[in-house]
Amino acid sequence: MPELPEVETTCRGIRPHITGRRITDLIVHQRQLRWPVPAQLKRSLKGQRIDSVGRRAKYLLLECESGCLIVHLGMSGSLHIVASGVPAQKHDQVDFVFTNTVLRFHDPRRFGSIHWTRRDPLRHKLLRNLGPEPFSEAFTARYLYDRAASRKVSIKNFIMSSGIVAGVGNIYASEALFLSGIHPQRAAGRIALSRYEKLVANIKHVLGTAIDAGGTTLRDFTREDGRPGYFAQKLNVYNRRGEPCPVCGHPILLRTLGQRSSFYCGRCQH
DNA sequence: ACAGTAACCTGTTTGC
DNA sequence: TGCAAACAGGTTACTG
């Protein structure tokens, strides 16, 4: 999916178009997403004004008058602002209808999901156990180091765990580890605090730079107006198997780790 | 608590 | 060229 930078890009993109506006209708073309779209959602949403648009981890939070709409883009989802009357295409699953405008949820693989809660969204089952936001002050080297104590899981899988830190997916985990010179398979509990200092700084850096570039578009992701993100050209290792390492020239390696592709330099990362 | 795996889906790429 | 297998940015739920 959309990892954190793509969700943040989407959040910033849709915010000015829908904040303060009222949802006049909900059209569900496809109810079966990762979880079914709630049967009562249309009744809950009709007439609701969007008070604010925010993000927690990879969840978009659309705060309304009497509840919060929670949207996750899954692996292939995107949200687009289109004019009323633009016909839905294949894989356009749900339309949030406003006067003159539609917020359209597009998701070929249907791993995304849509939820509605009348309580604090941060206490929702899916958000309750998330780790700190990577840009927050709570996300420090000491925090990671302590959580990693005696853990044998690979550092890559560790930083991709949503309960450890929110929003770091496969692309940015690979990139941050490369910038930090840490081998993706190294056990999380066998990394010095000083190396965690580097890693935390690089996670913040790579995510921040990607947000500035409008995210990474490899295949499905596009912004609210349909443009791609431009961070793909700045990737050092991800999707670059066999290409020379930008630091030492050794060919970038690919190994499958926890069912996910891991790209790294065998000479620079230990 | 932790580690590992299957599962949710469809489209595209890879390999025979 | 054709067809089937493998793979794709996420996360939960289940197993041992």
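First the proteins, then the strands, lettered A, B, ... as listed; each starts at 1.
Rounding to whole angstrom units, NZ of residue A:K156 and C1' of B:dA3 are separated by 16 Å. We find that CG of A:L73 is positioned 11 Å from P of C:dG10, with the value rounded to whole Å. Separating the CD1 atom of A:I70 from the P atom of C:dT12 is a distance of 12 Å, rounded to the nearest angstrom. Rounding to whole angstrom units, CD1 of residue A:I164 and C1' of B:dA3 are separated by 13 Å. The nearest whole Å value for the distance from the CG atom in A:L254 to the P atom in C:dA6 is 16 Å. The distance from atom NE2 of A:H72 to atom P of B:dC9 is 17 Å, rounded to the nearest whole Å. One interatomic measurement links the two molecules: CZ of A:R147 to P of B:dA1, which rounds to 11 Å at whole-angstrom precision. Atom CZ of A:F158 is separated from atom C1' of B:dC2 by 12 Å (rounded to the nearest Å).
For DNA chain C, if you chain together Watson-Crick or G-U pairs that step i with j, i+1 with j-1 and so on, the runs of at least three with distances under 3.5 Å are B:2-8 with C:10-16, B:10-16 with C:2-8.
Within the nucleic acid shown, A:L33 has no heavy atom closer than 4.0 Å to any nucleic acid atom. Across all strands, A:Q32 comes closer than 4.0 Å to no nucleic acid atom at all (heavy-atom distances). Within the 4.0 angstrom heavy-atom criterion, base atoms lie near A:T216. When heavy atoms are screened at a 4.0 angstrom cut-off, A:N157 is found touching no nucleic acid atom at all.
A close approach under 4.0 Å does occur between a side-chain nitrogen or oxygen of A:R260 and OP1 or OP2 of C:dG10. A close approach under 4.0 Å does occur between a side-chain nitrogen or oxygen of A:S162 and OP1 or OP2 of C:dT12. Taking 4.0 angstrom as the limit, A:R34 places none of its side-chain polar atoms (N or O) nearer than this to OP1 or OP2 of B:dC8. Listed pair A:K152 / B:dA1 fails the phosphate criterion, with no side-chain N or O lying under 4.0 Å from OP1 or OP2.
Nearest-nucleotide positions on DNA chain B place A:S150 closer to the 5' end than the other of A:S150 and A:Q30. With the nearest nucleotide of DNA chain C identified for both A:K125 and A:Q259, A:Q259 has the one nearer the 5' end.
Looking at A:S84, its side chain does come within 3.5 Å of a backbone N or O of A:T101 through a donor-acceptor pair. Without hydrogens or angle criteria, A:E65 side chain to A:R49 main chain gives a donor-acceptor distance under 3.5 Å. With hydrogens and angles disregarded, a donor-acceptor distance shorter than 3.5 Å links the side chain of A:K204 to the backbone of A:S136. The main-chain N or O of A:Q93 is never found under 3.5 Å from a side-chain atom of A:Q30 such that the two would form a donor-acceptor pair. Under the 3.5 Å distance criterion, the side-chain polar atoms of A:Q269 are matched with a main-chain donor or acceptor of A:C265. At distances below 3.5 Å, not a single donor-acceptor pair connects side-chain atoms of A:H72 with backbone N or O atoms of A:I114. Without hydrogens or angle criteria, A:R109 side chain to A:S76 main chain gives no donor-acceptor distance under 3.5 Å.
Using a cutoff of 4.0 Å between basic side-chain nitrogens and carboxylate oxygens, A:E3 and A:K58 are not scored as salt-bridged.
We find that the ring of A:F111 and the base of C:dT11 do not stack by the test of centres under 5.5 angstrom and planes tilted less than 30°.
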>> Protein within reach of the bases, or only the backbone? For nucleotides 11-16 of chain B, mark each nucleotide 5' to 3' as B, S or -, using heavy atoms under 4.0 Å.
In response: S-----
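Distances were taken from every side-chain heavy atom of A:R151 (C-beta onward) to each of B:dA6, B:dC2, C:dG10; the shortest belongs to B:dC2. Minimum atom distance to the side chain of A:M75 is reached by C:dG10, of the listed C:dG10, C:dA13, C:dT12.
Annotation: cation-pi geometry not satisfied between A:R56 and A:Y59 (NZ/CZ under 6.0 angstrom from ring centroid, within 45° of ring axis).
A distance of about 22 Å separates the P atoms of C:dT11 and B:dG11, rounded to the whole Å. Across B:dA6 and C:dA6, the matching P atoms stand 13 Å from one another, rounded to whole Å.
Inspection of the A:S180 and A:Y196 side chains reveals no N or O donor paired with an N or O acceptor under 3.5 Å.
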Check: residues 119-130 of chain A side-chain donor-acceptor pairs under 3.5 Å, at least two apart:
from: A:D120; atom 1: OD1; to: A:L122; atom 2: N; distance (Å): 3.0
from: A:H124; atom 1: ND1; to: A:L126; atom 2: N; distance (Å): 3.0

